[in-house]
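One structure is given below, encoded as structure tokens.
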Amino acid sequence: MTKAIRPSVFYFISIVWIALGCKNPEKSDKKVELILARFEQDLYEIQPEFIFDSLPDLKKKYHPFFQNTNDEFWKNLLVDSLQLKLYQSVKDTFKDITNELKILQQIFENYNILFDTSIQKIYIYTYVSGLDFDYPVIFSDSLLFIGLDVYLGEDHPVYAYQPRYLARERNRMYIPVDAAGAIADYLQQNTPSGSESLINHMIRDGIRLYIMKSLLPNEKEHNLFKYTEEQIKFCIDNEKNLWLYFINNRLLFDTNVMTKKRFIDPAPFTRLGTDFDHQIPGRIGQWIGYRIVSQYMKNNKNITLKELAKRTDYQNIFNQSRYKP
């Protein structure tokens, strides 16, 4: 399999401008123009024998994609059977991404408002990533990269080897959610995860999710967590008992890497040793972390999102939240 194509996002490039409007006169000073370029279309419509002649123009237009590759790499890519299959699926599935772009514009206008920035243009690049599930969306400064081959629909045969709980995340409805997550990652990129205790992981991920929810205020909560409606209802209905499990088993300050894996990492469900384990979704520690951070922000209305994103004193946030479901 050809390695995943992951652009280096710290370069500014000039591209064809495609303006997309979303009127909101009350926020005119925070409006954002989206500028879209479909790298996968410009690349895979080239015949392999003409790739070397076409590369100079591609490099000018899509400079970030060419930082750590040689010309032969791109020729090989155009004859790679998986990449060609993925491109055809992307071409068939994403003939129109207008709906996604409208939501992305709202996200970035909210970003300008909530973080007191004045980004006027966002450059959006779509591409075939080679199934880069770790980085489906990348954001830096004013550049957003979206690997469309990661969003072909959960029943697409290319995801057949994935467990169903992961294949569920392969739907295009999660593009805005992952974009909000990429922005949160960008804002938190210089924040350490502290002493690696479970509570530190929970609070750090809770901040990330709180930022995502702020950027996507109208998104349903279960979609934010990539849970089902039944799973999020179970969490809310059983929040107190879930929290007591962490307290009674003295898990909050546990630094064992397996504890983090058990409660923070993706999983089909969370094992607590109860009869209803299969109803408890994976990443339950992230959900509780989000609830703690939400309570903290409710109690500290003077704290801005910009300040929250930079916080690394996770245990202080936990203590000041006075979280008690």
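- Put simply, OH on Tyr314 and CG on Asn319 are 15.0 Å apart, with the number rounded to the nearest 0.5 Å.
- Using a 4.5 Å cut-off between side-chain heavy atoms of Ile, Leu, Val, Met, Phe, Trp and Tyr, with links allowed through other members, Phe253 and Ile247 fall into the same hydrophobic cluster.
- Here Leu34 contributes atom CG and Leu144 contributes atom CG; the two are 9.0 Å apart, rounded to the nearest 0.5 Å.
- Between Leu252 and Met202 the shortest side-chain heavy-atom distance falls below 4.5 Å.
- Residues Tyr165 and Tyr174 fall into different hydrophobic clusters, defined by Ile, Leu, Val, Met, Phe, Trp and Tyr side chains chained together at heavy-atom separations under 4.5 Å.
- Remark: Asn300 pairs with no residue by the side chain to side chain donor-acceptor pair (under 3.5 Å) rule, at least two apart or across chains.
- Asp178 has its side chain within reach of Lys226: a pair of non-hydrogen atoms, C-beta onward, lies under 4.5 Å apart.
- Side-chain contact between Ile122 and Leu104: absent, with no pair of heavy atoms (C-beta onward) separated by less than 4.5 Å.
- Residues in residues 83-102 take part in these ring pair (Phe, Tyr, Trp, His ring centres under 6.0 Å) pairs, two or more places apart or across chains: Tyr44-Tyr87.
- Applying the salt bridge (Lys or Arg N to Asp or Glu O under 4.0 Å) rule to pairs touching residues 63-75 yields Lys59-Asp71, sequence neighbours excluded.
- Screening residues 313-325 for salt bridge (Lys or Arg N to Asp or Glu O under 4.0 Å), with sequence neighbours left out, gives Arg311-Asp313.
- Residues Tyr111 and Thr117 meet the side-chain proximity criterion, which asks for heavy atoms closer than 4.5 Å.
- Side chains of Thr270 and Phe263 form a contact here, defined as non-hydrogen atoms less than 4.5 Å apart.
- Legend: residues meeting salt bridge (charged side-chain N to carboxylate O under 4.0 Å, His left out) with Lys85, ordered by chain and number and at least two apart, are absent.
- A donor atom on one side chain and an acceptor atom on the other are not found under 3.5 Å apart for Asn316 and Gln320.
- Among residues two or more places apart in sequence or in another chain, the side chain to side chain donor-acceptor pair (under 3.5 Å) test is passed with Lys260 by Asp265.
- Ring geometry for Phe139 against Phe108 counts as tilted: the plane angle lies between 30° and 60°, on a 0 to 90° scale.
- Looking at heavy atoms from C-beta onward, Leu55 lies in side-chain contact with Phe66 at the 4.5 angstrom threshold.
- For residues 207-216, the pairs satisfying side chain to side chain donor-acceptor pair (under 3.5 Å) are Asp185-Arg208, with sequence neighbours left out.
- In this structure, a donor-acceptor pair under 3.5 Å is absent between the side chains of His222 and Gln231.
- The salt bridge (charged side-chain N to carboxylate O under 4.0 Å, His left out) test applied to Asp155 returns Arg164, not counting sequence neighbours.
- For the residue pair Asn200 / Glu196, no side-chain donor-acceptor distance below 3.5 Å is found, with atom types taken as modelled.
- For Glu239, the salt bridge (charged side-chain N to carboxylate O under 4.0 Å, His left out) partners two or more places apart in sequence, or in a different chain, are Arg291.
- Residues Ser321 and Val293 have side chains not in contact (no heavy-atom distance under 4.5 Å, counting atoms from C-beta outward).
- From Ser140, atom OG reaches atom CZ of Phe145 across 8.0 Å, with rounding to the nearest 0.5 Å.
- Residues satisfying the side-chain contact (heavy atoms from CB on, under 4.5 Å) test with Phe133, not counting sequence neighbours, are Leu131, Val150, Tyr159, Tyr161, Gln162, Arg170.
- No side-chain donor-acceptor contact under 3.5 Å links Glu219 to the backbone of Leu216.
- Ring-centre distance between Phe39 and Phe65: below the 6.0 Å cut-off.
- In summary, the side chains of Asp277 and Thr274 do present a donor paired with an acceptor at a separation below 3.5 Å, with no hydrogens or angles considered.
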Output, in order, the C-alpha distance, side-chain angles, deciding distance and verdict of ring pair (Phe, Tyr, Trp, His ring centres under 6.0 Å) for Phe276 and Phe234. CA-CA 10 Å; Phe276 47 83; Phe234 179 89; 5.8 Å; yes
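- Heavy atoms from other residues, nucleotides or ligands lying under 6.0 Å from CG of Asp275 number 12 at most.
- The salt bridge (charged side-chain N to carboxylate O under 4.0 Å, His left out) test applied to Arg262 returns no partner, not counting sequence neighbours.
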Can Glu154 and Arg172 be said to form a salt bridge (Lys or Arg N to Asp or Glu O under 4.0 Å), step by step? CA-CA 9 Å; Glu154 61 183 295; Arg172 66 190 295 170; over 6 Å; no
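- The pair Asp42-Lys61 counts as a salt bridge, with a side-chain nitrogen and a carboxylate oxygen less than 4.0 angstrom apart.
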As a quick check of understanding, evaluate ring pair (Phe, Tyr, Trp, His ring centres under 6.0 Å) for Tyr323 and Tyr296, giving each step before the final call. CA-CA 8 Å; Tyr323 176 72; Tyr296 169 80; over 10 Å; no
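- Two residues are said to be in side-chain contact when any heavy atoms from C-beta on lie closer than 4.5 Å; Trp287 and Ile236 meet this criterion.
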Working note: Gln106 + Asn110, criterion side chain to side chain donor-acceptor pair (under 3.5 Å); need CA distance, chi angles, decisive distance, verdict. CA-CA 6 Å; Gln106 294 169 4; Asn110 288 338; over 6 Å; no
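- Every residue was checked against the ring pair (Phe, Tyr, Trp, His ring centres under 6.0 Å) condition with Tyr151, not counting sequence neighbours, and none meets it.
- Note that the NE2 atom of His201 and the CG atom of Asp254 stand 10.0 Å from one another [nearest 0.5 Å].
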